[in-house]
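Here the structure is laid out as structure tokens; the discussion comes afterwards.
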Amino acid sequence: MSSLNIGVIGVGNIAKMHLQSYAANPQVKIVAVADVNAARATEVAGLYDAAAYGSAAELLADPAVEAVSICTWNNTHAELAAAALKAGKHVLVEKPLSRTLTEVTDLASLVEASGKVLQVGFVRRHSSNAQLLKKFVDAGDLGEIYYAKASFIRRTGNPGGWFADFERSGGGPLIDIGVHIIDLCWYFMGAPKVASVSANSYSLLGNRANVTNLWRYKGSDYDPTANSVEDMINALIRFDNGASLAVDVSYSLHAVRDELNIAVFGDRGGAELEPELRLVTESHDTILNIHPQVDSLTFDFNQGFQNEIDHFVQVCLGEVEGIAPVSHGVEMMKIIDGIYRSAATRTEVTF
């Protein structure tokens with residue numbers, strides 16, 4: 001059986017999902033971890049009998065490392081991905097691929113020149129409900145998908161820390177959780193080129209740290225007083241094939257409940273992926289709702305990461321073709337960048 005030696009750069013919360021998934025894959029050996037917090041790197045390395053490094057450069061110089069997961073702040077994603085490719089490593093880089101479109105201008109050509117794999121961490125593509133819906137889409141059961149809508153609403157969902165620091169994150173809910181739902185819709189729509197974006201952004205509520213009786217996820221460096229990112233964004237995205245996508249996403253909103261809704265519509269049928277997978281079709285002049293009998297109708301966090309990591313390993317070993325290449329990451333950053341520019345200028349952005 002072929003095997004792959006893995007290094008993980010950044011050992012914060014999301015890295016735990018990568019590490020436990022690699023550890024569960026029989027084709028993987030975790031050989032190194034790196035973190036700017038050297039003590040934390042040493043602690044995590046001990047769990048996997050791996051080498052510990054205090055910098056990404058040291059890990060990338062280790063000849064034993066064949067592939068890396070990049071699990072750092074957004075402002076380092078593109079830079080570290082480029083350095084890893086130049087060091088001859090395969091790369092799985094957490095979403096988003098970068099903070100801005102300009103940061104990834106040359107990354108696709110670098111991937112091609114290196115001959116190595118770069119997979120973007122669009123983990124929700126790898127969930128079982130998304131994979132099942134993709135089979136229906138690819139088989140033409142929904143026909144041509146011409147419209148999609150997605151909403152990811154949190155009432156008090158600002159994690160604080162680096163998530164709320166524009167310099168490190170590049171933005172708030174749009175670039176953090178919005179990228180997931182935009183990517184899923186775009187993936188099911190066949191990955192068309194973006195043609196224009198019209199968006200609105202609001203920063204009126206802030207962190208809302210005063211709300212103390214409602215649970216929220218907090219970043220490891222949570223600071224209730226610091227916030228330089230948007231509360232919420234809504235956007236209409238048009239594609240060059242005439243299809244369109246409406247999206248809204250928030251960290252802070254006076255909503256009745258947190259919500260996650262993803263739906264796509266074609267000329268032969270439609271589907272909701274979240275809050276759970278359902279399909280709609282027509283037969284005998286009758287509209288039918290289809291409710292699949294499967295183990296998981298919604299996104300399973302652990303399963304999604306395990307599937308993503310297993311897929312990355314298979315791609316690196318040449319066993320399958322990748323489903324989240326660098327070109328998808330770049331086009332997604334083009335969309336995200338366009339939304340932020342449209343919201344800032346209060347005008348439609350065309351491409």
For a quick test of reading the model, state the closest non-hydrogen atom pair linking Ala34 to Ser55 and the distance between them. CB-O, 3.5 Å
With side chains defined as the heavy atoms from C-beta onward, is the minimum distance between Met333 and Val120 less than 4.5 Å? no
Check which hydrophobic residues are tied to Ile14 through side-chain heavy-atom contacts below 4.5 Å, counting indirect links as well, and list them. Met17, Val123, Phe299, Phe301, Phe305
Evaluate the side-chain proximity of Val229 to Phe163: yes if any heavy-atom separation is below 4.5 Å, no if none is. no
Residue among Leu297, Val294, Val137 satisfying side-chain contact (heavy atoms from CB on, under 4.5 Å) with Leu132: Val294
The criterion is salt bridge (charged side-chain N to carboxylate O under 4.0 Å, His left out); which residues satisfy it with Glu276, sequence neighbours excluded? Arg278
Is Leu253 linked to Ile181 within one hydrophobic cluster, defined over Ile, Leu, Val, Met, Phe, Trp and Tyr using a side-chain heavy-atom separation of less than 4.5 Å? no
Donor-acceptor under 3.5 Å (Ser250 side chain, Arg154 main chain): yes
Quick one: list whatever passes salt bridge (charged side-chain N to carboxylate O under 4.0 Å, His left out) with Glu103, sequence neighbours left out. Arg99
Looking only at non-hydrogen atoms, find the nearest pair between Leu277 and Pro292 and report the distance. O-CD, 3.5 Å
Across all chains, not counting sequence neighbours, the salt bridge (charged side-chain N to carboxylate O under 4.0 Å, His left out) partners of Arg216 are none
Could you check Leu273, Asn289, Ile290 and say which one makes a side-chain contact (heavy atoms from CB on, under 4.5 Å) with Leu279? Ile290
Check: Ser21 main-chain N/O paired with Gln306 side-chain donor or acceptor under 3.5 Å: yes
Checking one residue: Phe265. Which other hydrophobic residues are in its cluster under the side-chain 4.5 Å linking rule? Tyr146, Tyr147
Evaluate the side-chain proximity of Ile323 to Tyr187: yes if any heavy-atom separation is below 4.5 Å, no if none is. yes
Verify the cluster assignment for Ile153 and Leu174: are they in a single hydrophobic cluster under the rule of side-chain heavy atoms below 4.5 Å apart? no
Please step through side chain to side chain contact (heavy atoms under 4.5 Å, CB included) for the pair Ile339 and Ile237, ending with a clear verdict. CA-CA 8 Å; Ile339 292 173; Ile237 305 161; 4.0 Å; yes
Rounded to the nearest 0.5 Å, how far does OG of Ser127 lie from NZ of Lys134? 13.0 Å
When clusters are formed from ILVMFWY side-chain contacts under 4.5 Å, directly or step by step, what else is grouped with Val280? Ile287
In the structure I gave you, are the side-chain heavy atoms of Phe239 and Ile335 within less than 4.5 Å of one another anywhere? yes
Non-hydrogen atoms of Leu80 and Ala56 that approach each other most closely: CD2-CB, 3.5 Å
Separation between NZ (Lys218) and CG (Asn207), nearest 0.5 Å, reads 8.5 Å
Under the criterion side-chain hydrogen bond (donor to acceptor under 3.5 Å, both in side chains), which of Asn158, Thr156, Asp176 is the partner of Tyr251? Asp176
Could you walk me through whether Phe152 and Val247 satisfy the side chain to side chain contact (heavy atoms under 4.5 Å, CB included) test, starting with their C-alpha distance in whole Å, then the side-chain angles of each, then the deciding distance to 0.1 Å, before giving a yes or no? CA-CA 8 Å; Phe152 204 155; Val247 61; over 6 Å; no
Minimum-distance pair of heavy atoms, taken over all atoms of Ala78 and Leu107: O-CD1, 4.3 Å
Under the salt bridge (charged side-chain N to carboxylate O under 4.0 Å, His left out) rule, what pairs show up with a residue in residues 39-49, not counting sequence neighbours? Asp35-Arg40
Which pairs, with at least one residue in residues 332-351 and sequence neighbours excluded, count as a salt bridge (charged side-chain N to carboxylate O under 4.0 Å, His left out)? Arg238-Glu348, Asp337-Arg341
Between Arg268 (side chain only) and Gly140 (backbone N and O only), is there a donor and an acceptor less than 3.5 Å apart? yes
With side chains defined as the heavy atoms from C-beta onward, is the minimum distance between Met332 and Lys95 less than 4.5 Å? no
Heavy-atom pair with the smallest gap, counting every atom of Ala255 and Arg155: O-CD, 3.3 Å
Is a side-chain donor or acceptor of Thr286 paired with a backbone partner of His284 at a separation under 3.5 angstrom? yes
Do Ser342 side-chain atoms and Gly338 backbone N/O form a donor-acceptor pair below 3.5 Å? no
Go through the steps for Asn74 and Ser169 under the test side-chain hydrogen bond (donor to acceptor under 3.5 Å, both in side chains), then give the verdict. CA-CA 5 Å; Asn74 296 350; Ser169 65; 5.3 Å; no
Kindly compute the distance separating CD (Gln131) from CG (Asn307), expressed to the nearest 0.5 Å. 5.0 Å
Pairs meeting criterion salt bridge (charged side-chain N to carboxylate O under 4.0 Å, His left out) with involvement of residues 302-331, two or more places apart: Lys193-Glu331
Using the side chain to side chain contact (heavy atoms under 4.5 Å, CB included) rule, take Phe188 and Leu142 through it: C-alpha gap first, then chi angles, then the decisive distance, then the call. CA-CA 10 Å; Phe188 295 131; Leu142 276 61; over 6 Å; no
Hey, is the main chain of Pro96 close enough, under 3.5 Å, to the side chain of His77 for a donor-acceptor pair? yes
Value for CG (Leu205) from OG (Ser252), rounded to nearest 0.5 Å, stands at 5.5 Å
Quick one: does Gln20's side chain get under 4.5 Å of Asn302's, heavy atoms only? yes
Grouping ILVMFWY residues whenever side-chain heavy atoms fall under 4.5 Å, the cluster of Val28 otherwise contains Leu4, Ile6, Val8, Val11, Leu19, Tyr22, Ile30, Val33, Val44, Leu47, Tyr48, Leu92, Val117, Ile309, Phe312, Val313, Val315, Leu317, Val320
Could you measure the distance from the CG atom of Asn129 to the OG1 atom of Thr298? Nearest 0.5 Å is fine. 6.0 Å
Which pair of non-hydrogen atoms, one from Lys89 and one from Val65, has the smallest distance, and what is that distance? NZ-O, 2.7 Å
Just so I know, are the side chains of Leu101 and Val330 near enough to count as touching, which here means a heavy-atom distance under 4.5 Å? yes
Can you get from Trp73 to Tyr222 by hopping between Ile, Leu, Val, Met, Phe, Trp and Tyr side chains that sit under 4.5 Å apart? no
Is there a chain of hydrophobic side chains (I, L, V, M, F, W, Y, each step under 4.5 Å between heavy atoms) that links Trp186 to Val104? yes
Suppose the criterion is salt bridge (charged side-chain N to carboxylate O under 4.0 Å, His left out): which pairs have a residue in residues 57-79, not counting sequence neighbours? none
Straight-line distance of Gln303 CD to Ser296 OG, nearest 0.5 Å: 5.5 Å
Report yes or no: do Ile336 and Leu236 belong to one cluster of Ile/Leu/Val/Met/Phe/Trp/Tyr joined by side chain heavy-atom distances under 4.5 Å? no
For Arg125, the salt bridge (charged side-chain N to carboxylate O under 4.0 Å, His left out) test, sequence neighbours excluded, returns Asp183
Within a strict 4.5 Å, meaning less than it, do heavy atoms of the Asp141 and Thr281 side chains meet? no
